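Model, not experiment: these values are computed from the prediction.
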Amino acid sequence: LAHSPDDLYLQNNGKGSQSYFDKKAAYRTKTNRVKTIKTPGGKHTAQYLAKHRAGAKCGDCKICLPGIKHMDSRGFKNAKGREKTVSRAYGGSRCHTCVKQRIVRAFLIEEQKIGKKVLAEKMKKSKA
């Protein structure tokens, strides 16, 4: 009976050596994935695999932020500042396209305000 590497026990060589889970529960849970490795002493042991992390997402468009490592909350807590951000406005929070949209939107709003002011002055002059 052949077992996959993430089953409850791992059979490796013809001698019937088995590598059992050495920590956590003895069930196939998401955090209990293992890979069989052979130690320098010739013993087979289970090496625990880390989960794949989703990574930081843009707050506006929800895409994965490029340039920021995929880490869990503990990883983010222990990481250096330069690993959690990119050197740009809204660095570790928004993607470049959303930042560009915000800049353009702010510029257009300012232009609109100036245009309204000029129009109000024109109306004032025409009434007087």
Side-chain angles (χ1 to χ4, degrees):
L1 182 70
H3 293 277
S4 65
D6 56 349
D7 269 345
L8 294 181
Y9 65 90
L10 310 159
Q11 290 183 335
N12 293 297
N13 57 25
K15 297 173 193 164
S17 73
Q18 295 174 346
S19 175
Y20 290 92
F21 286 135
D22 56 342
K23 63 178 185 176
K24 301 182 187 171
Y27 302 104
R28 288 181 64 178
T29 60
K30 277 197 253 180
T31 55
N32 222 7
R33 290 175 32 243
V34 291
K35 177 175 81 172
T36 311
I37 58 155
K38 195 171 183 182
T39 60
K43 210 170 99 179
H44 288 89
T45 60
Q47 189 178 59
Y48 284 85
L49 301 172
K51 283 179 170 183
H52 295 292
R53 300 301 174 168
K57 300 259 191 299
C58 173
D60 293 344
C61 63
K62 306 293 185 237
I63 67 157
C64 213
L65 290 175
I68 295 172
K69 275 186 176 179
H70 294 205
M71 298 178 273
D72 60 344
S73 55
R74 188 186 297 142
F76 268 103
K77 188 187 78 149
N78 297 330
K80 292 180 173 75
R82 64 178 170 77
E83 294 171 334
K84 295 184 268 191
T85 185
V86 287
S87 54
R88 180 180 61 238
Y90 298 100
S93 169
R94 303 289 184 268
C95 67
H96 66 284
T97 46
C98 293
V99 173
K100 188 177 173 183
Q101 283 176 352
R102 281 172 181 236
I103 292 167
V104 169
R105 192 183 308 128
F107 175 75
L108 291 173
I109 289 169
E110 287 300 314
E111 285 289 310
Q112 199 175 24
K113 285 179 185 174
I114 292 166
K116 281 182 182 177
K117 211 179 266 186
V118 169
L119 197 65
E121 281 180 25
K122 249 186 202 174
M123 295 296 275
K124 211 178 226 183
K125 280 184 182 177
S126 67
K127 284 184 180 178

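In this view, Asp60 and Arg94, Arg102 satisfy the side chain to side chain donor-acceptor pair (under 3.5 Å) rule, not counting sequence neighbours. By the side-chain contact (heavy atoms from CB on, under 4.5 Å) test, Leu65 is found to be paired with Ala56, Cys58, Ile68, Cys95, residues two or more places apart in sequence or in another chain being considered. Legend: residues meeting side-chain contact (heavy atoms from CB on, under 4.5 Å) with Lys69, ordered by chain and number and at least two apart, are Met71, Glu83. A search for side-chain contact (heavy atoms from CB on, under 4.5 Å) contacts involving Lys113 returns Ile109, Glu110, not counting sequence neighbours. When the side-chain contact (heavy atoms from CB on, under 4.5 Å) test is applied to Ile37, the partners found at least two apart in sequence or on another chain are Lys35, Thr45, Gln47.
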Assess whether side-chain contact (heavy atoms from CB on, under 4.5 Å) is satisfied between His96 and Arg88, documenting all intermediate values. CA-CA 9 Å; His96 66 284; Arg88 180 180 61 238; 3.9 Å; yes

May I have the step-by-step check of side-chain contact (heavy atoms from CB on, under 4.5 Å) for Tyr48 and Asn32, ending in yes or no? CA-CA 7 Å; Tyr48 284 85; Asn32 222 7; 3.0 Å; yes

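Taking each heavy atom of Lys51 and Arg33 in turn, the nearest pair found is CA-NH1, 4.3 Å.
Distance OG/Ser73 to CG/Asn78: 9.5 Å, rounded to 0.5 Å. Here the NE2-NE2 distance, from His70 to His52, works out to 11.5 Å after rounding to the nearest 0.5 Å.
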Under 3.5 Å, which donor-acceptor pairs link side chains of residues 119-128 to any protein atom two or more places apart or in another chain?
| residue | atom | partner | partner atom | Å |
| --- | --- | --- | --- | --- |
| Ser126 | OG | Lys122 | O | 3.4 |
| Ser126 | OG | Met123 | O | 2.8 |

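By the 6.0 Å contact criterion, OH on Tyr90 is open, its count of non-hydrogen atoms from other residues, nucleotides or ligands being 12 or less.
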